[in-house]
Number of protein chains: 2
Amino acid sequence: MTKPTVVTLNDLKVACENCSLSRLCLPMGLDEKDVTRLDQIINRTKPHHRNDYLFREGDTFKGIYAVKTGSIKTYISREDGSDQVLGFHLPGEIIGLDAIETGSHGCTAKVLETTAVCLIPYEKLEKLSVEIPSLQHQMFRLMSREITNESNMLILLGKRNADERLATFLLSLSQRYKQRGFSATEFNLSMSRNEIGNYLGLAVETVSRLFTRFQDEGILKVERKHIELLDLEALKGICDSSPRQNNHQNSA
Amino acid sequence: MTKPTVVTLNDLKVACENCSLSRLCLPMGLDEKDVTRLDQIINRTKPHHRNDYLFREGDTFKGIYAVKTGSIKTYISREDGSDQVLGFHLPGEIIGLDAIETGSHGCTAKVLETTAVCLIPYEKLEKLSVEIPSLQHQMFRLMSREITNESNMLILLGKRNADERLATFLLSLSQRYKQRGFSATEFNLSMSRNEIGNYLGLAVETVSRLFTRFQDEGILKVERKHIELLDLEALKGICDSSPRQNNHQNSA
DNA sequence: TTAAAATATTGATCCAGATCAATAAAAACT
DNA sequence: AGTTTTTATTGATCTGGATCAATATTTTAA
C-alpha cells in the first residue's frame, strides 16, 4: 500500500497494479513485487483510433499487446482481397502470440473503436519469464488458452449451422463482458455485420437475417450496434441443439 | 561424444540426443547438456496400438506428448455423438498443449497406427524451463506455432471450398513427411476418409469423390490408403485459386 | 473359411446458406 | 443541408456440398 517508490500521476493511471484488468491479464497470479517488475518493461502509448493498425501482416514482431480499453480485430488477408477475421479482442485479452515462432506477424490487428493497449516487448518478457516463474506460468496458461479458444472456433466452423454460430458468438461476448464487469445482457457491437459474418464463416445477409429472426422470436432486441439479450437460456439452447453430422467414425 | 554417463542399451534407443526428430521436437535449440537434463524428465513407454487412447477429454493433465513414430488424431466429442477432429499428429509433433490452462484435457488423443510417444511431465517441464532459458524459448515457439496452425485451419474452414481443403490437406502432409525425411510424393494415409472429411468439415462422400476426381485429372494416384502425388504444382494451384468471398469489409 | 461389421465408392436428390439484386438507413464528407 | 459512401436489411434465385440410398470392398471376428 505505502510503497516508497516515486510514481508520477501518469504512471499511476496506467500501471498494472492499478489496472482493473490485471486479474484477467498477464499479471494474473503474480505477486506485487513481480507485477512492478513486469510494469517496468511495458510500453504504454496514447489511445489508438478506429481503423488504426496495431500491426500488419508481415510486420516485424516486437511484442505482444494487451487490450486495456476498446476493441481490436485480427484478420488475415489473401492476395485476392478476401479476408478471414480471426478474432475480436476485448480488454484484458492478449494479441500477437502467433508471431513468436516466426518473428513476424501472421495477421493484421486493426482498431475497431478508440482503444488503449499495452505493448509488452517480447525479448524483455522472455528474459523476465526466466526470472519470474509465475510469469512464465502465466504465459504458458495464456498461450494454452489461446489454443483452446481456436479449437472451439474450429468446431464452430466445422460443424455448427448458422443459428448456432451466431448464438455462440453472442454468448461469448456476453460472458466476456460480464467477466469484465459490464452487463452480460446489454452491449454495443464494435464490429460490423460484415465482420461478424466473416468471423463466423457466414454471408453478411445471413447474419442480418438471423438478427431479425432472433428478434422476432423474442430472444434478443437489436438496433444497429446495440444488442440486448432477452433470453440467455434460449440462446444457450440454440448453441448445442441439432445433432447434425452424426459420424460414427470408428466408435471403437 | 565420449560422455562418461552410463547408459543402458534401452536408454540409447530412446534418448533425445539419439532421436532423429530432435531438430523438430522439443529439444530444438538446446545444447547437449540441456538435452540430457530434459531427457531425464521424459517418460518413455512401450508402443501404443491402433485405437488406444493417449488421453481422453476430461482426463487430468499430466504432461504433453511428443510423437516419436506413428500417428495420432485429436478430436473433441459432443454429447450428441458428433465429433470434430482437431488434427493429425506426426513424429516430432507435440500434443496436449491446450490442457495447460485448465489442467485437464479438452480433447481426446487416439492412436491411428502403432505409435511410440514420449511423455513430458508438465510440472517438471515447467520447472526445467525456468532453469533452461532455451527450453522456455522452445516451448513458447512450439505453442506459438500451434496457434498459427490453428489460425490456418480457421481460414480453411471459414473460406475455402472442398477442392481447396483437400488439396491443402494433402500438401500439408506432403511437406511434413518431407521434413521428416520421407517421400513428399508417396505416402500412406493413416486416417480414414471419414476422419479426413471430419477434419476438413466435409462429408465422407465428398472426400471420396474428390479423390476420384483428382485422380481422373492426373493430379494424384490413390489406392485405398496409399497416395501418390503426381502433380504438386497443380495441387498448389488448387490451394490458392478461387477468389470467393470478396468482402470489402472496411477497406480503409 | 465364412460371416459380420466397418469403410469406401458412386449416383440421385435436396437444402442451408451463398449470391444476386434492390432499397433503406447511417455515417462520412463537402 | 445536401451529396456520396458505407453499412444493413429484405427478397428472389441459385448451387456446392450434404444427405439419402445402394453397392462394393476391406477388415475384423468367429
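Here the structure is a predicted model, which is why all the values come from computation and not from measurement. Within every chain, numbering begins at 1; the chains are lettered A, B, ... in the order of the sequence lines, protein sequences first and strands thereafter.
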Take the protein atom [atom1] of [X] and the nucleotide atom [atom2] of [N], then report the distance between them rounded to whole Å.
X        : N      : atom1 : atom2 : answer
A:Ile196 : D:dT7  : CD1   : P     : 13 Å
A:Leu210 : C:dA18 : CG    : C1'   : 13 Å
A:Glu195 : D:dA8  : CD    : C1'   : 13 Å
B:Arg160 : D:dG17 : CZ    : P     : 11 Å
B:Leu189 : C:dT7  : CG    : C1'   : 14 Å
B:Met191 : C:dA8  : CE    : P     : 11 Å
A:Leu166 : D:dA8  : CG    : P     : 13 Å
A:Asn51  : C:dA28 : CG    : P     : 9 Å

Within the 3.5 Å criterion, strictly below it, is a donor on [X] or [Y] matched to an acceptor on the partner's side chain?
X        : Y        : value
B:Glu186 : B:His226 : yes
A:Ser77  : A:Asp83  : yes
B:Ser71  : B:His89  : no
A:Ser151 : B:Glu150 : yes

Is a salt bridge present between A:Glu217 and A:Arg213, judged by a nitrogen-to-oxygen distance below 4.0 Å?
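Salt bridge present between A:Glu217 and A:Arg213.
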
Would you call B:Glu93-B:Arg176 a salt bridge at under 4.0 Å N-O?
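Counted as a salt bridge, because a side-chain N and a carboxylate O are separated by less than 4.0 Å.
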
Go nucleotide by nucleotide along DNA chain C from the 5' end; which of B:Lys225 and A:Asp163 gets its closest nucleotide reached first?
B:Lys225

When the nearest nucleotide of DNA chain C is assigned to A:Glu223 and to A:Arg165 on a heavy-atom basis, which residue is associated with the more 5' position?
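Its nucleotide being nearer the 5' end, the pick is A:Arg165.
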
Measure from the side-chain heavy atoms of B:Ala162 and tell me the nearest of D:dT19, C:dG17, D:dG17.
D:dG17

Plane angle bin for A:Tyr65 and A:His105 - parallel if under 30°, tilted between 30 and 60°, otherwise perpendicular
tilted

Mind listing the N/O atom pairs, protein and nucleotides 9-15 of chain C, below 3.5 Å?
| residue | atom | partner | partner atom | Å |
| --- | --- | --- | --- | --- |
| C:dT9 | OP1 | B:Arg193 | NH2 | 3.2 |
| C:dT9 | OP2 | B:Arg193 | NE | 2.8 |
| C:dT9 | OP2 | B:Ser208 | OG | 2.9 |
| C:dT9 | O5' | B:Ser208 | OG | 3.0 |
| C:dT10 | OP2 | B:Thr212 | OG1 | 2.6 |
| C:dG11 | N7 | B:Arg209 | NH1 | 2.8 |
| C:dG11 | O6 | B:Arg209 | NH2 | 3.4 |
| C:dA12 | N6 | B:Arg209 | NH2 | 3.4 |

